[in-house]
Amino acid sequence: MRPDIATHRARRARLLKTMGEGVLILATAPEAIRNRDAHYPYRFDSHFYYLTGFPEPEAVLVLIGARAGKRARQILFCREKNLEREIWDGHRHGPKAARTAFGFDAAYPIGELDKRLPTLLENQPRVCYPFGADAAWDARVMAWINTVRGRARAGVGAPGAITDAHALIDEMRLIKDPHELDLMQHAADISAAGHRAALRVCRPGLGEWQIEAELLRAFRAGGCQAPAYTPIVAGGANACVLHYVSNDRVLADGDLLLIDAGGEYHGYAADITRTFPVNGRFSAAQKDVHEIVLAAQDAAIAATRPGNAWNAPHEAALRVLTQGMIDLKLLAGELDGLLEKEAYKRFYMHRTGHWLGLDVHDAGDYKVAGAWRPLQPGQCLTVEPGFYIRRADDVPPALWDIGIRIEDDVVVTEDGCRVLTEAAPKSVAAIEEAMRDGR
Ligand code: GLY
Ligand code: MN
Ligand code: MN
């Protein structure tokens with residue numbers, strides 16, 4: 001399950017083929033200070049990791065495209081071995097070991113980057129790097145190019161074009177390979193176990209933070225390195241706050257609890273939302289809304305098939321949700337007219353999904369040449385309709401503060417899609433049964 005050399009080397013070879021002539025430069029993420037001298041847990045850059053599997057900070061990938069009879073080259077710059085730092089902070093591969101362990105043609109100390117890059121850029125037609133993403137890197141790359149320009153009188157050519165490295169890699173990341181799908185299934189399974197643990201322990205009087213602790217425990221115990229994003233553990237009215245993350249309120253009898261949480265496994269995210277009653281039994285009104293959201297999700301999942309446009313699942317969910325709003329007397333009028341006017345936005349204001357992978361909101365365009373992109377086998381996305389009803393005079397009180405979202409992760413297959421997160425209970429019956437078992 002760990003990053004494997006052949007897979008990452010093959011990805012780099014594929015990128016080199018797409019890129020053609022030129023030099024690609026891609027740095028991993030910097031370490032980040034949390035406060036004073038305490039760091040956030042380190043997280044590599046997703047693009048860099050996709051191509052290298054190399055987990056250390058202070059590393060740069062350089063790919064040199066094949067040209068004029070010269071073979072393409074894959075180069076890593078990384079930290080040198082350093083006994084003192086390794087005693088304090090842990091293992092460093094060092095260039096020599098990293099070259100073989102990660103399948104590079106060459107590896108050099110990161111401290112040699114400024115010395116070596118101008119030479120590597122000589123007589124190359126273009127530089128491919130994530131320009132505009134980081135001002136310091138922009139300046140550094142321009143300084144290398146200017147150094148090469150300074151050698152013009154010696155007959156050295158400098159790159160004349162700069163292209164965006166992320167755009168090239170985004171397209172690759174959009175279609176997951178079998179290695180990635182294995183990791184994503186693992187992330188999904190561990191995360192589903194976290195949701196089952198939350199169902200088992202939930203009861204009135206517990207704090208949202210205590211349910212969060214249960215999720216985090218399950219993610220770590222299952223092997224995830226971190227949560228893929230800050231968990232949302234939102235009881236009662238908090239569920240109607242879409243990005244609620246304070247998780248500091250006590251859960252009340254009769255309220256619903258919305259949990260949006262997933263773990264990250266070797267870089268890959270799961271993103272699951274379930275909504276269930278704190279006391280283990282849905283009220284009639286809670287059940288009505290839950291059934292509508294579940295039916296919307298079923299319709300969206302049925303619309304997640306190759307050839308359908310990216311927006312097809314969203315449109316399918318909107319029809320079911322808007323009809324549900326009419327049935328619950330939250331909206332008055334005729335379905336197509338209400339869809340046209342986007343009247344549903346008062347109760348459903350977000351979209352029905354996003355790409356999922358190394359980033360929870362993963363790389364890849366949603367439109368191509370102005371049109372929604374067709375779904376293709378190997379794409380991973382979430383399907384996450386919701387229904388959020390705030391207190392208001394024109395809303396029946398039984399529906400007040402009901403916020404429900406149901407979110408699964410799916411991979412598009414040859415003839416439809418496969419749900420990766422099935423192991424998290426989601427029907428009213430399955431949820432009530434799982435909660436009964438926990439008591
Ligand atoms: N958890 C982030 C999202 O659902 O998009
Ligand atoms: Mn999501
Ligand atoms: Mn989510």
Side-chain angles (χ1 to χ4, degrees), residues 43 46 173-174 176 184-185 187-199 208 211-212 214-216 218-219 224-235 238-247 256-265 267-276 290 293-294 296-298 300-301 303-304 310-311 313-314 316-318 321 345 347-366 375 379-388 403-412 417-426:
R43 172 53 158 76
S46 297
R173 282 177 54 186
L174 192 53
K176 271 63 182 177
M184 291 192 68
Q185 185 65 65
D189 289 344
I190 298 165
S191 303
H195 280 260
R196 289 198 304 272
L199 279 176
E208 292 167 343
I211 305 295
E212 181 183 8
E214 207 60 41
L215 291 156
L216 296 175
F219 296 167
C224 283
Q225 287 74 31
Y229 53 92
T230 307
I232 295 169
V233 183
N238 299 334
C240 295
V241 178
L242 296 179
H243 291 161
Y244 177 83
V245 288
S246 47
N247 304 347
L256 287 173
L257 174 61
L258 181 154
I259 296 178
D260 184 344
E264 181 179 290
Y265 186 71
Y268 285 83
D271 183 6
I272 305 179
T273 308
R274 294 291 184 261
T275 312
F276 55 88
H290 194 275
V293 180
L294 199 51
Q297 202 209 29
D298 284 344
I301 289 175
T304 304
W310 160 261
N311 215 35
H314 183 53
L318 286 180
L321 289 169
K345 278 198 166 166
F347 304 105
Y348 180 47
M349 55 299 282
H350 60 77
R351 298 192 54 86
T352 304
H354 49 82
W355 304 129
L356 181 74
L358 281 163
D359 296 310
V360 66
H361 296 162
D362 206 38
D365 289 336
Y366 293 92
L375 294 171
Q379 291 169 339
C380 285
L381 55 138
T382 64
V383 184
E384 52 176 306
F387 199 150
Y388 311 94
I404 295 181
R405 177 164 65 256
I406 305 173
E407 175 173 30
D408 280 295
D409 304 342
V410 309
V411 52
V412 182
C417 71
R418 179 162 57 83
V419 179
L420 303 173
T421 43
E422 255 167 2
K426 83 177 160 184

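Values below: all heavy atoms of this structure, side chains included; hydrogens, waters and symmetry mates excluded. Indexing begins at 1, ligand by ligand and atom by atom, following the structure's order. Values in this document were obtained by computation on a predicted structure and should not be read as measured data.
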About how many Å separate [atom2] of [Y] and [atom1] of [X], when rounded to the nearest 0.5 Å?
X: Thr273; Y: Ile232; atom1: OG1; atom2: CD1; answer: 7.0 Å
X: Leu375; Y: Trp310; atom1: CG; atom2: CH2; answer: 7.5 Å
X: Trp355; Y: Asp365; atom1: CH2; atom2: CG; answer: 9.5 Å

Check your understanding: Does any donor atom in the side chain of Tyr265 or Asp189 lie under 3.5 Å from an acceptor atom in the other side chain?
Key -> no

Practice item. Give a yes/no on ligand 1: does Arg405 have at least one heavy atom closer than 4.0 angstrom to it? Key: no

Exercise for review: Please verify whether a non-hydrogen atom of Asp271 lies at under 4.0 Å from ligand 1.
Suggested key: yes

Point to revise | side chain to side chain contact (heavy atoms under 4.5 Å, CB included), paired with Thr382, selected from Asp362, Asp409, Asp408 | key: Asp409

Which atoms of ligand 1 are found less than 4.0 Å from any heavy atom of [X]?
X: Glu384; answer: 4 (O), 5 (O)
X: Glu407; answer: 4 (O)
X: His354; answer: 3 (C), 4 (O), 5 (O)

**Study point:** Atoms of type N/O/S from protein, distance to the Mn ion (ligand 2) below 2.8 Å
**Key:** 4

Review point. What's the shortest distance from atom 5 (O) of ligand 1 to any protein heavy atom, and which residue and atom give it?
Key: His361 NE2, 2.7 Å

Practice item. Report, as yes or no, whether the 6.0 Å neighbourhood of atom CZ on Arg43 holds more than 12 heavy atoms from other residues, nucleotides or ligands. Key: yes

**Study point:** For Ile301 against Lys426, the heavy-atom pair lying closest together
**Key:** CD1-NZ, 4.2 Å

Exercise for review: Decide if the gap between the ring center of Tyr388 and the ring center of His350 is smaller than 6.0 angstrom.
Suggested key: yes

Review point. Under a 4.5 Å cut-off applied to non-hydrogen side-chain atoms, are Leu258 and Ile404 in contact?
Key: no

